[in-house]
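Report on one structure; see the data block that follows.
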Number of protein chains: 2
Amino acid sequence: MHQSIALDPTDLGILRALQNDARISNKALAAEVGIAPSTCLDRVSRMRAAGVVKGATVEVDAAALGRPLQAMLAVRVRPHHRAVLNPFVGHVLKLPETRALYHLAGPDDFLVHVAVADATGLQRLVVDGFTARTEVTQVHTMLIFQQWSGGPLLPPEPSVPARRLTAG
Amino acid sequence: MHQSIALDPTDLGILRALQNDARISNKALAAEVGIAPSTCLDRVSRMRAAGVVKGATVEVDAAALGRPLQAMLAVRVRPHHRAVLNPFVGHVLKLPETRALYHLAGPDDFLVHVAVADATGLQRLVVDGFTARTEVTQVHTMLIFQQWSGGPLLPPEPSVPARRLTAG
DNA sequence: AGTGAAAGAGGTAGGCT
DNA sequence: AGCCTACCTCTTTCACT
């Protein structure tokens, strides 16, 4: 871990392809970046070992699962002690409605991305899961109308042929 | 699309396993939920066709790619016309720094999750990519200290054996 | 709908250039 | 380091229950 590896344009091509479709076969991946399958396997293994490539996951349609309503909750927690923050984080991650959690710098301490069945479910989540807790001083609920994901995550300045980077 | 399918506990097990590791082999997946590989293949195909399971993607370590600084930008856009919103969305999705984009109900219209190399990169992104645009009236930058992802996304009330659900 | 078997394709390791 | 080959496992189809 925290290992330093150099990513050349071939590695970046692999990264891009894997982010577009994590289930691509190694053979097809190798063909796409123009190397032999065995070489490709080695490249991917090294990027996995370095921590550049982490787990693969499928995207699931929240609406199709009966959770068509999504929201961002901006939460303020007091006091800002580890003894308070850590249990709060653990609690939020245990909630089945939680999709993502962000610890922020700013007036709002946390942003929680949640998916619920309906307005009643959202109300119950906010009241019972957040404002009921003594460390939570404020919750702002922002409904999500629509969401998009950005393109594949790549290094800044893609024109540079090879950079020494640190995995972490 | 928008097809109605029933998800039984076996389907939910498949969903959970695929969200934990999208690259699991079909054979291992079938063993995990206790069905034959051919049956498992059929289940996954139907969930893909129904839109419940969408594309698979690998998680990439932003810090390892030279983008260790992440932030949420709360953006206000005026006026709220499609002729204004659509080009703004297109612009944001084209930025290489964009990881996700959310259209919200509330005083802030959009939340943009971005990953940059350093504070200078963040400043340039905010100034050149957002406040420079005439439709953008305000940008609040919130640094992300740490982030977590929730568990596998599953239907509400998991005790119900089978529900009729709508993909979309 | 679920299964089992069989043909075909792909993954993976080792040695070589 | 990259590649080729050979083995071997897995995927996928199809007839059957």
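Throughout, protein chains are lettered first and strands after them, A, B, ... in sequence-line order, and every chain is numbered starting at 1.
- The number of heavy-atom neighbours closer than 6.0 Å to NE2 of A:His140, taken from other residues, nucleotides and ligands shown, is 12 or below.
- Of the candidates D:dC4, C:dT3, C:dG11, the closest approach to any side-chain atom of A:Ala36 belongs to D:dC4.
- Residues B:Asp109 and B:Arg78 are paired through a salt bridge, judged by an N-O separation under 4.0 Å between the basic side chain and the carboxylate.
- Mapping A:Cys40 and A:Arg23 onto DNA chain D via the closest heavy atom, the residue that lands nearer the 5' end is A:Cys40.
- Rounded to whole angstrom, the span from the CD1 atom of A:Ile14 across to the P atom of D:dG2 amounts to 9 Å.
- Separating the CG atom of B:Asn26 from the P atom of D:dC10 is a distance of 11 Å, rounded to the nearest angstrom.
- Between the side chains of B:Gln70 and B:His113, a donor-acceptor pair is found at a separation under 3.5 Å.
- Taking every side-chain heavy atom of B:Lys27 into account, D:dC10 is the closest of D:dT12, C:dG11, D:dC10.
- Between the CG atom of A:Leu41 and the P atom of D:dT9 there is a distance of 16 Å, rounded to whole Å.
- A centroid separation of 6.0 Å or more is found between the aromatic rings of B:Tyr102 and A:Phe145.
- Here the nucleotide nearest the side chain of A:Ser25, chosen from C:dT3, D:dT11, C:dG11, is C:dG11.
- If you check every strand for non-hydrogen atoms under 4.0 Å, A:Arg43 touches sugar and phosphate atoms only.
- Residue A:Thr39 is classed as a base contact, given a heavy-atom separation below 4.0 Å to a base.
- Distances shown here put every side-chain N or O of A:Ser38 at or beyond 4.0 Å from the OP1 or OP2 atom of C:dG11.
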